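Counting from 1, the numbers follow the sequence of the chain as shown. Both ligands and their constituent atoms are indexed starting at 1 by order of listing. We use all heavy atoms of the structure for the numbers below, so side chains are in, but hydrogens, waters and symmetry mates are not. Quantities reported herein were computed from a predicted structural model and do not represent experimental measurements.
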Amino acid sequence: MKRKVTKAIFPVAGLGTRFLPATKSIPKEIMTLVDRPLIQYAIDEARAAGIKEFIFVTSRGKSALEDYFDAAPVVEAELRRKGKKDLLELLKMTNMESGAIAYIRQQKALGLGHAVWCARRLIADEPFAVILPDDVIASEKPCLQQMMEAYAETGGNMVAAMEVPADKASSYGVLDIREDMGALVSVSGMVEKPKAHEAPSNLAVIGRYILTPRIMDNLNKKKSGAAGEIQLTDAIATEIAAANNVYGFRFRGQRFDCGSKAGFLQATVAFGLARDDLHDEFAAFLHEMVSVRKAAE
Ligand code: UTP
């Protein structure tokens, strides 16, 4: 029987240099998409997928992230006094149950694989999910939940996958496809950031994973790969040869790369337009901006 996945790792120890100077003092994951920090979208997605234990791999300068999940008694008391029930409810949804959340430090930014490995003792011998909060996915059914449903059939290791243009493949981990079954593909190889002409397909890995505890054993060997970092992709690829149980999952939804400025702006537009309370005013503004620009051309 497949074990239920109840633990998720959120690697948030990166330096976020693409958002300097903002990330000099605020963690990237606290940056706001409409009115919620990126991390809240990741937590909501994990909860919807049945995750009960939330493990953050953090680093120096990330204390705003830890504070975000604390109760806010002063603000709550003020909202209660003013009878602002809606805002109180909204705030309460951000509180985490005591004991549900753990913070582990990654002392040096040695790569995503290393960040995941830092959580090995909390994972022990259970399967686990990994969510990268800078990949934000707009979808009817949250991406990790879609993956959990597929995983209930396959078990093994599963990575979220998305078709990307050939000239962009070298920015991702890319799958070599053994068998294409539609939403699911079985994988015969994985390459992190391949050179343009060496990508085995245009099916790229994005930041959602369901992994077996053996991935931690593979990470134990700590060999550095592409860009001199310890790559999660390499630890997963090792399982292809050892157990032949790695799957890609084409999720239904739109992914935004909120680790990049253009991606963050696109997400802001998409999530802003999707909000009932903002749509009309925001759509009218965007329309006007585009018309003014067209007229100027
Ligand atoms: P990125 O490649 O986006 O790196 O990491 P980064 O440092 O966050 O951002 P830039 O490139 O400098 O702008 C992908 C994910 O892996 C985590 C990051 O926090 C992010 O969620 N990560 C990366 C770690 O936790 N530790 C690392 O050593 C590297």
Legend entry - Close side-chain approach of Y41 and F256, heavy atoms under 4.5 Å: no
Inset, instruction - Answer yes or no: is there a side-chain heavy-atom contact under 4.5 Å between T94 and R36? - result: no
Return the residue, atom name and 0.1 Å-rounded distance of the protein heavy atom closest to [atom].
{"atom": "atom 19 (O) of ligand 1", "answer": "G14 N, 2.8 Å"}
{"atom": "atom 2 (O) of ligand 1", "answer": "R18 NH2, 4.2 Å"}
{"atom": "atom 12 (O) of ligand 1", "answer": "T17 OG1, 2.5 Å"}
{"atom": "atom 7 (O) of ligand 1", "answer": "L15 N, 2.8 Å"}
{"atom": "atom 28 (O) of ligand 1", "answer": "G111 N, 2.8 Å"}
{"atom": "atom 26 (N) of ligand 1", "answer": "Q106 OE1, 2.7 Å"}
{"atom": "atom 8 (O) of ligand 1", "answer": "K28 NZ, 2.6 Å"}
{"atom": "atom 17 (C) of ligand 1", "answer": "P11 O, 3.6 Å"}

Inset, instruction - For ligand 1, note which part of T23 has a heavy atom under 4.0 Å away: side chain, backbone, both or neither. - result: neither
Inset, instruction - Give the contacting part of A109 toward ligand 1: side chain, backbone, both or neither, where contact means a heavy-atom distance below 4.0 Å. - result: both
Does [X] reach ligand 1 with a nitrogen or oxygen that is under 3.5 Å from one of the ligand's nitrogen or oxygen atoms?
{"X": "A13", "value": "yes"}
{"X": "L112", "value": "no"}
{"X": "G16", "value": "yes"}
{"X": "F19", "value": "no"}

Legend entry - Parallel, tilted or perpendicular, as decided by the 30° and 60° cut-offs, for the rings of F10 and F56: parallel
With a 4.0 Å cut-off on N to O distance, would you call [X] and [Y] a salt bridge?
{"X": "E76", "Y": "R80", "value": "yes"}
{"X": "R250", "Y": "E163", "value": "yes"}
{"X": "E97", "Y": "K52", "value": "no"}

Legend entry - Donor-acceptor pair, side chain of R120 and main chain of W117, under 3.5 angstrom: yes
Inset, instruction - Could you point out which residue of D217, N245, N218, N157 forms a side-chain hydrogen bond (donor to acceptor under 3.5 Å, both in side chains) with T212? - result: N157
